[in-house]
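One structure is given below, encoded as structure tokens.
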Amino acid sequence: MTNNTQRQSKGIIFFIIMGLFSVLSSCHQDDDPELKEFNFKWYYKVKASPGSVITNIIYQNPNPNGVEPISVTGINSTSWTSSEFEYKTIAPAPGNVSLPTKIKAKAIGLNDTSTLNVEIYVNGVLVKKSIDIGQILTASAEY
């Protein structure tokens with residue numbers, strides 16, 4: 001064999017070995033993302049402008065069997081805050097978690113410029129807000 005032929009043979013063998021190494025090493029990698037436990041705490045807040053009255057609220061309440069709607073009536077106030085809820089789950093990333101957070105509130109405004117704010121806080125941070133303006137007020141939010 002000549003020097004050129006030997007070099008070409010060594011080059012071909014090198015590329016074959018590197019190709020096999022690449023294929024074998026990629027087979028050992030786990031394609032499933034690592035799952036982690038995430039703990040979320042959230043609560044709802046409803047605020048109406050002065051002189052307005054919150055009349056009723058419907059929100060989702062998580063429980064071991066799923067999520068159930070809870071209705072709150074007779075509020076007759078300008079503000080309301082729910083208790084804090086906790087949700088633990090296992091997922092590859094927090095963005096893959098669907099929280100059971102949904103709220104709808106109704107109020108009667110004092111005048112046409114009255115407002116109703118519905119807010120959702122997750123882990124102490126405001127994540128969703130909805131505002132309605134007028135005398136017959138309805139605001140809802142979902143996160």
Side-chain angles (χ1 to χ4, degrees), residues 4-143:
N4 278 343
T5 308
Q6 286 178 342
R7 284 186 197 159
Q8 288 176 350
S9 295
K10 286 180 182 179
I12 290 171
I13 291 172
F14 175 77
F15 283 114
I16 290 172
I17 290 172
M18 291 305 293
L20 286 172
F21 178 75
S22 296
V23 169
L24 291 175
S25 66
S26 69
C27 290
H28 291 293
Q29 293 176 353
D30 190 4
D31 291 337
D32 294 333
E34 185 179 329
L35 297 177
K36 298 178 184 175
E37 182 175 287
F38 293 97
N39 185 20
F40 298 94
K41 293 182 179 181
W42 77 91
Y43 61 94
Y44 305 108
K45 263 189 177 181
V46 179
K47 296 184 274 186
S49 56
S52 302
V53 177
I54 301 169
T55 56
N56 70 325
I57 298 168
I58 297 175
Y59 65 93
Q60 289 186 343
N61 180 36
N63 63 47
N65 300 322
V67 178
E68 65 178 305
I70 300 294
S71 181
V72 182
T73 57
I75 301 160
N76 296 325
S77 177
T78 58
S79 66
W80 175 88
T81 302
S82 74
S83 57
E84 188 173 67
F85 303 103
E86 188 171 2
Y87 185 74
K88 292 181 182 182
T89 189
I90 296 175
N96 294 8
V97 177
S98 176
L99 293 175
T101 58
K102 192 177 203 178
I103 184 168
K104 182 177 183 178
K106 293 185 178 188
I108 299 171
L110 180 64
N111 54 44
D112 289 339
T113 61
S114 297
T115 60
L116 177 64
N117 296 300
V118 173
E119 301 170 338
I120 300 174
Y121 290 82
V122 176
N123 295 336
V125 177
L126 175 64
V127 295
K128 195 70 172 182
K129 182 176 183 175
S130 176
I131 301 172
D132 192 18
I133 300 172
Q135 283 188 299
I136 308 229
L137 301 160
T138 302
S140 61
E142 182 175 354
Y143 178 71

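Between W42 and F85, the angle of the ring planes lies from 30° to 60°, which puts this pair in the tilted group.
How far CD1 of I75 is from NZ of K106: 12.0 Å, rounded to the nearest 0.5 Å. To the nearest 0.5 Å, atoms CD1 (I131) and CG (L137) are separated by 11.5 Å. Here the CG atom belonging to N117 is positioned 11.5 Å from the OG atom belonging to S79, to the nearest 0.5 angstrom. For the atom pair K47 NZ and L116 CG, the distance stands at 11.0 Å (nearest 0.5 Å). Atom-to-atom distance recorded for N111:CG and I133:CD1 is 11.0 Å, nearest 0.5 angstrom.
In I136, the CD1 atom is not crowded: 12 or fewer heavy atoms of neighbouring residues, nucleotides or ligands sit closer than 6.0 Å.
Panel note: side chain N56, backbone V72; no donor-acceptor pair is recorded below 3.5 Å.
The two residues I120 and Y143 have their closest heavy-atom pair at CD1-N, 4.0 Å. Between A105 and I57, the shortest heavy-atom contact is CB-CG1, 3.9 Å. Heavy-atom minimum distance, Y44 versus K102: OH-N, 3.2 Å. Of all the heavy atoms in P50 and L110, the pair that sits closest is O-CD2, 4.0 Å. Contact detail for I90 and L35: the closest heavy-atom pair is CG2-CB, 3.6 Å. Of all heavy-atom pairs spanning I58 and S71, the tightest one is CG1-OG, 4.1 Å.
Using a 4.5 Å cut-off on side-chain heavy atoms (C-beta onward), T138 and K104 make contact. With contacts defined as side-chain heavy-atom distances shorter than 4.5 Å, the pair S77/I54 does not qualify. E142 places none of its side-chain heavy atoms less than 4.5 Å from the side chain of Q60.
Between Y43 and Y121, the ring centre distance stays below 6.0 Å.
Contacts of S49 classified as side-chain contact (heavy atoms from CB on, under 4.5 Å), with partners at least two apart in sequence or in another chain: S52, S114, T115.
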